[in-house]
2 protein chains.
Amino acid sequence: MLTLRQMRYFEALASARHFGKAAELVHVSQPALSAQIMEMENHLGVKLVERSRSGVFLTRKGEEVLSRTRAILAEVDQLEQSARASSGTLEGRIRIGVIPTLAPYLVPRLVPHLRSVYPAIEIELKESVTSRLVADLGEGLLDAVVAALPIETEGLSTKPLFSDRFYMAMADDERNILMSPLTEDQVDVEQLLLLEEGHCLRDQALAVCSTAGKRRLVSFGATSMTTLLQMVANGMGMTLIPEIAIATEASRNAIRIVPFAAPEPAREIGLIWRRSSPRERDMEALATAISGCADDILQAAAA
Amino acid sequence: MLTLRQMRYFEALASARHFGKAAELVHVSQPALSAQIMEMENHLGVKLVERSRSGVFLTRKGEEVLSRTRAILAEVDQLEQSARASSGTLEGRIRIGVIPTLAPYLVPRLVPHLRSVYPAIEIELKESVTSRLVADLGEGLLDAVVAALPIETEGLSTKPLFSDRFYMAMADDERNILMSPLTEDQVDVEQLLLLEEGHCLRDQALAVCSTAGKRRLVSFGATSMTTLLQMVANGMGMTLIPEIAIATEASRNAIRIVPFAAPEPAREIGLIWRRSSPRERDMEALATAISGCADDILQAAAA
DNA sequence: TAAGCATGATAGGAAAATCCTATCGATTTT
DNA sequence: AAAATCGATAGGATTTTCCTATCATGCTTA
């Protein structure tokens, strides 16, 4: 029985004019390729290639078979392409960027959910700071970004997904006798621990705990919420924590979570994509999925 | 990896609209067919068929994939057909190299003859010196070469075709009073006109008219026998002419042809091909055709 | 001229794909 | 309800494909 494998190997052989090199082209050992070529020749009852010291030549039949083979392989390729060209919602590859203060809490729920609802989805994720993600989005390296609004860049569409309230996290054995609920001017900025430069949460924390008139900030920045909260648990200070992180982080660190007084500060998480993208429907579906997951997570935190 | 097997099963399924019956069509059990269809759907990331109570329906994507699949299967079928259609003797392209001192006399007879006996032949000709032809043969650019034996190169097979005696050609109004038949030491090498470097006939001429003790040779070489014989006719000297050229050349130049005394010097013309070539039968047929043509031409010369 | 190199073929056993029988679960028919 | 239909699933056998190691041959080099 003639197979596409044989044709692919034969095509490689015709291109390389050398069994060993052709084998490399198709990522297989030379005997494996040899065997398939021989099988093909036997099946067709024709010598396709002439093996001589000065190289490998196609016979006349080989030339004809090659041209037909190439046509067939090209059509198979087209078939695969066209079949994969996702026509339905969230079919095929989608590349999503998520900010680091959100990804560890959202992604573990979101991905399995998407996979089960959209079995044909192929998810590629990237975690980075907003500016990097937005740049990648603009360059077509990502299809969508999940980050804190507002986003100012031109040419992008956004859709609010959910509101993520801020809490203050401090060591459980804290000597600080802070009132709960907290008001923003009670925060000692010199005790505030921050993520490194570039994270939007850093800027948000500074905005919440207005720094007017205060002198020094803790100069080093952590690279993840988890690190930051370990520092908090060890009594090195306190930090702002988004509600979505609470369920996960409170369970693994001895920390106390203190709410702010109304109006509670919060960040708005939104979905961002290129306005020119033709995947409007995918974005709708993705937004619905993310909102749903976020609601689940926040509900778990409240409990 | 997409396979023809999957496509064949899919085609059967689309025709039968029933897994069990499709399985019968391709002589396989129902689970085997099921598995291949599932594999194909997974690979393409698309549902091809809808399994419902009232039978099996193709999805929209399935319809498209089906039409492409059928086209591909048909082409594969054609490939097998055409490859199996054992090409008979001397069908299709054959690339033949012929040396310049032979081609102008042999080819005009050989080609029409081949065309009439083997109507499906496609002849490509190349005229060059032996070394060039043999190199092309080795690189698979030619299928056969007609040249003077012996040929030394490895990996080649040869078959003698005919013997081509040498004569001496001189101006008809020649003042030289040479005995006929001629003996080799009667030739004045300083009057001998030669082809340019690389032609085997040049070397043969020098071998025949042993140059031992002689001084100068005519330094410029002609590029063809015809040119050479025009020079002879114009009294610039004399030259060796192979018998096969006589009929053509004697009629268009005022020259006298003088035979050598026995044993008459001659060149052996042979057919040369790669030993690894699978076209043994073509070579036999070609050899027979060439020998036949050569006999005709030589007979014409004798008359 | 012999040793070394390049190249495709061969051998033997491992890994992967494919298949088969038997059976399940869901649905339709009797 | 019982029986029948139909595609999916399970478990194990068979076939195909592959890999490593080695061979055979012809060419190149020392």
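Lettering of chains follows the sequences in order, A, B, ..., and the numbering in each one begins at 1. The figures that follow rest on heavy atoms only: side chains count, while hydrogens, waters and symmetry mates do not.
By the side-chain hydrogen bond (donor to acceptor under 3.5 Å, both in side chains) test, A:Glu11 pairs with A:Arg70, sequence neighbours left out. Listed by chain and residue number, nothing satisfies the side-chain hydrogen bond (donor to acceptor under 3.5 Å, both in side chains) test with A:Ser67 (two or more places apart in sequence, or in another chain). Checked against side-chain hydrogen bond (donor to acceptor under 3.5 Å, both in side chains), B:Arg267 has the following partners two or more places apart in sequence or in another chain: B:Thr101, B:Asp164.
Look at CD1 on B:Ile37: it is 13 Å from P on C:dT18, rounded to the nearest Å. With rounding to whole Å, A:Phe10 atom CZ is found 15 Å from C:dG8 atom P. Summarising the geometry, the separation between NE2 on B:His18 and C1' on D:dT5 is reported as 7 Å, rounded to the nearest angstrom. Between the CG atom of B:Leu4 and the P atom of C:dA17 there is a distance of 17 Å, rounded to whole Å. As a whole-Å value, the separation of A:Glu41 CD from C:dG8 C1' is 12 Å. In this entry the distance linking CE of B:Met40 with C1' of C:dA17 reads 17 Å, nearest Å. The CG atom of A:Leu13 sits 8 Å away from the P atom of C:dG8 (whole-angstrom rounding). Between the C1' atom of D:dT5 and the NZ atom of B:Lys21 lies a distance of 10 Å, rounded to the nearest Å.
Nearest nucleotide to the B:Phe19 side chain, out of D:dG7, D:dT9, C:dT10: D:dG7.
At the phosphate of C:dT7, neither OP1 nor OP2 sits under 4.0 Å from any side-chain N or O atom of A:Arg51. The shortest distance between the side-chain N/O atoms of A:Ser34 and the OP1/OP2 oxygens of C:dA9 is below 4.0 Å.
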### Message
What does the B/S/- profile of nucleotides 16-27 of chain D look like, 5' to 3', with a 4.0 Å heavy-atom cutoff to protein?
### Response
-SSBBB----SS
### Task
Would you sort out whether A:Arg5 and B:Thr3 count as a side-chain hydrogen bond (donor to acceptor under 3.5 Å, both in side chains), showing the intermediate values?
CA-CA 8 Å; A:Arg5 175 180 268 117; B:Thr3 68; over 6 Å; no
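Atom NZ of B:Lys159 is surrounded by 12 or fewer heavy atoms from other residues, nucleotides or ligands within 6.0 Å.
Applying the salt bridge (charged side-chain N to carboxylate O under 4.0 Å, His left out) test to every pair with at least one member in residues 74-89 of chain B, sequence neighbours left out, gives these pairs: B:Glu80-B:Arg84.
Contact check on B:Arg274 versus A:Glu50 returns a salt bridge, with a Lys/Arg side-chain nitrogen under 4.0 Å from an Asp/Glu carboxylate oxygen. Between B:Lys47 and B:Glu41 there is no salt bridge, since no side-chain N of the basic residue sits under 4.0 Å from a carboxylate O of the acidic one.
The distance from atom CZ of B:Phe162 to atom CD1 of B:Ile244, rounded to the nearest 0.5 Å, is 3.5 Å.
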Protein-nucleotides 11-13 of chain D N/O pairs under 3.5 Å:
none

